[in-house]
Amino acid sequence: MAKAMYGVFQRDGQEAHQPKVDLIDRLLLDDDRIPLATDTGAITGAAAIWHAAERAVRYVHEHCLSLQTMDAILAAVGVECARRGIEAPKGDTEQEQIARAVDKAWWRRHLRTEWKRRFEHVSIQLGLTSVRNDPYVSRESALLQEAQNRANRQLLEQRIATNEHGQSYTVAELADKGMANKTLRRGELMTRIRGFEECADSRGDVGMFWTITCPSKFHSVGGANPNYNGATPRQAQAYLVEVYALIRSALHRVGIRPYGFRIAEPHSDGCPHWHMLLFVAPEHAERMEAIVRHYALAEDGDEKGAQKNRVKLVRIEAGKGTAAGYIAKYVSKNIDGAGVGDHKTFENGTTYVIAPDVFGDVEITPSARVTYWSQVWGIRQFQQIGGAPVGVWRELRRIKAETIQGAPEAIKAAHAACQKIESEDAAVAKQASFADYLNAQGGPTVERRKLAVRIAARPVTIKGRYATYEDDKPAGVYASAFPNEVYESVRYRWTIEAADGAGVALGSPWTGVNKCTGEPEFSGRPSRGMSMENRGDGRTAGAGWSFDADKARDERFKELSPRFAPMRQGAHLNELRRKYE
């Protein structure tokens, strides 16, 4: 990033890119959050996140020992979280919130997420995430996310799961049997989309393919948009969610219940836009179009290009291909790119082909970039609109045929629709039919309160990391007309062990904070976050360590570190002038 920006400033001069210069100054002056790079210019590693988590836990321990009320402690924790750019810990009880606040693992997770999103946001603001540089996500974020995914996969491969019947698999093998498997995920999505289309054909409904884009102020456009308001992709996604909430409410008020799918995918600068394949009765099509256009253009609808680019509609005409076929490329390019061919994106009236990139021995495909974008920003790519929930569909696939022999017809029909039978005999073989499942549930426009089949759940006591609580877990299904007759699904109890035979300990975390007042109790075991913590300079924080000493060492570091040289040379005064002029 620094090399790229140095080249830009050399070519155009800093005056032509003053907002980017100001952004870099703010990064240098930010003393609260984890730096994006080290003093040597290398990208910040895991060690900085670990050290920040250790210091945060020390901070919480200090307040647990000095403050007398739980409200004061939680307020102090909230201030520390806000200073570091993360949300305060949540929990049903105050003790649960404190348990999170004194856990280094909790801090590491949230600080890592905050750091990588801030890193990527800076790349967007500097114009480095763009169609001409790194589309969708920066190369640094892509490589970091690829390494994290690979490490997660290796961890799953090193864990052996054994059920009560003695069957053993690696956890990675079990994950591959679910929606973590991209091939299965793509296949299920296409099955569901095809099911909606079959229902639409039988009902005489029409397909409408919508594309809705955010106003121009949400787009960096490679750092070239002077009206860019600095929004992150998550903020842009929240805007689209709010717009569709208004659309959905307006449609329901006039009795229109569309059904179909929504796909969120990024522009090359990371800003999301939505593709929606919706089916609706033909007599409602024009009214629906007016409502969608009204709300999609309600904000900044008079800006240049808004009428043409902000909302687009393609009607799926009979005889010109299927709706499932039309949307298949959007599903595939956002998962694994299978069968898509060239990965294309349309930007500012021009179609670009996004090619794979190779960095060292790592290849990053365009579809992988999209996946990493969704993982970095925590954006849900696919969402069903209307219809019966997929959770019941998946639960029915866990139920054996003999279990439902005496079940009501609704359950038998839904169960038969969910089953895939493989056979060389064409008369026996069958594919699962999402359309038959929807019809068994009451049709694609059925309201949730009128579903024919629902998931049955039983209360389970869960001993979590921070608290023990009761939760309802799926155990089968039941017909709404006969709520007391439950047809149980097949569930296994798994024991997880390391591949080398060493067990994996699972249990509640131990903390040295006792009711958050008084001195911590020691029982031959050091308090977590206290005497055995690393101070950050390679030595443990034993006798002689104090919060003031830690703060003083930071001040000495600023005096010596070249990273803070601009501050000492008066850059902070210029920053204040720009801020308050």
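Because the structure is predicted, anything quoted here is derived from the model rather than measured.
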Q) Are side-chain heavy atoms of Phe119 and Glu140 found at a separation under 4.5 Å? A) yes

Q. Can you name the ring pair (Phe, Tyr, Trp, His ring centres under 6.0 Å) partners of Trp274, sequence neighbours left out?
A. none

(Q) Can you confirm whether Glu87 is buried at CD, in the sense that more than 12 heavy atoms of other residues, nucleotides or ligands lie under 6.0 Å from that atom? (A) no

Check residues 349-357 and write down every donor-acceptor pair under 3.5 Å in which the side-chain atom is one partner and the other belongs to a residue at least two apart or another chain.
| unit_1 | atom_1 | unit_2 | atom_2 | d |
| --- | --- | --- | --- | --- |
| Asp357 | OD2 | Arg369 | NH2 | 2.9 |

Expected list for residues 239-247: side-chain donor-acceptor pairs under 3.5 angstrom, two or more places apart:
none

**Q.** Lys/Arg N to Asp/Glu carboxylate O, Glu173 vs Lys177, below 4.0 Å
**A.** no

(Q) I'd like to check Val370 versus Ser367 (side-chain heavy atoms, cut-off strictly below 4.5 Å). Are they in contact? (A) no

Tabulate below the donor-acceptor pairs under 3.5 Å that side-chain atoms of residues 278-286 make, not counting sequence neighbours, or state none.
none

Q | Sequence-distant partners of His267, ring pair (Phe, Tyr, Trp, His ring centres under 6.0 Å), two or more places apart | A | His219, His273

**Q.** Straight-line distance of Leu277 CG to Ile263 CD1, nearest 0.5 Å
**A.** 8.0 Å

Q.
Run the ring pair (Phe, Tyr, Trp, His ring centres under 6.0 Å) test against Phe359 and tell me which residues pass, sequence neighbours left out.
A. none

Q. For atom CZ of Arg118, is the number of surrounding heavy atoms from other residues, nucleotides or ligands below 6.0 Å larger than 12?
A. yes

Q. So does Lys182 pair up with Asp176, basic N to acidic O under 4.0 Å?
A. no

Q | Minimum side-chain heavy-atom gap Phe382-Asn334 below 4.5 Å | A | yes

Q) Does the pair Gln97 and Asp92 meet the rule for a side-chain hydrogen bond (donor to acceptor under 3.5 Å, both in side chains), with working shown? A) CA-CA 8 Å; Gln97 296 173 46; Asp92 294 333; over 6 Å; no

(Q) Which residues pass the side-chain contact (heavy atoms from CB on, under 4.5 Å) test with Ala388, not counting sequence neighbours? (A) Tyr437, Leu438, Gln441, Leu451

Q: Please list, chain by chain and in numerical order, all residues satisfying side-chain hydrogen bond (donor to acceptor under 3.5 Å, both in side chains) with Arg109, sequence neighbours excluded.
A: Tyr466

**Q.** Residue pairs involving residues 423-448 (criterion salt bridge (Lys or Arg N to Asp or Glu O under 4.0 Å); sequence neighbours excluded)
**A.** Glu447-Arg449

Q) Under the salt bridge (Lys or Arg N to Asp or Glu O under 4.0 Å) rule, what pairs show up with a residue in residues 330-352, not counting sequence neighbours? A) Arg186-Asp336

Q.
What verdict does the side-chain hydrogen bond (donor to acceptor under 3.5 Å, both in side chains) test give for Thr129 and Glu120, after you've listed the backbone C-alpha separation in whole Å, the side-chain angles of each residue and the deciding distance to 0.1 Å?
A. CA-CA 8 Å; Thr129 298; Glu120 186 56 29; 2.9 Å; yes

Q: Go through the steps to decide whether Thr371 and Ser374 satisfy the test side-chain hydrogen bond (donor to acceptor under 3.5 Å, both in side chains), and finish with yes or no.
A: CA-CA 5 Å; Thr371 299; Ser374 70; 5.5 Å; no

Q) Under the salt bridge (Lys or Arg N to Asp or Glu O under 4.0 Å) rule, what pairs show up with a residue in residues 373-397, not counting sequence neighbours? A) Glu188-Arg394, Glu395-Arg491

Q | Pairs touching residues 198-214 that satisfy side chain to side chain donor-acceptor pair (under 3.5 Å), sequence neighbours left out | A | Arg203-Asp205, Asp205-Tyr259, Thr211-His275

Q | Steps toward salt bridge (charged side-chain N to carboxylate O under 4.0 Å, His left out) verdict (Glu146, Arg150) | A | CA-CA 6 Å; Glu146 190 275 339; Arg150 184 164 15 97; 2.6 Å; yes

Q) Does a side-chain N-to-carboxylate-O contact under 4.0 Å join Glu289 and Arg315? A) yes

Q. Is any side-chain heavy atom of Trp393 less than 4.5 Å from a side-chain heavy atom of Val453?
A. no

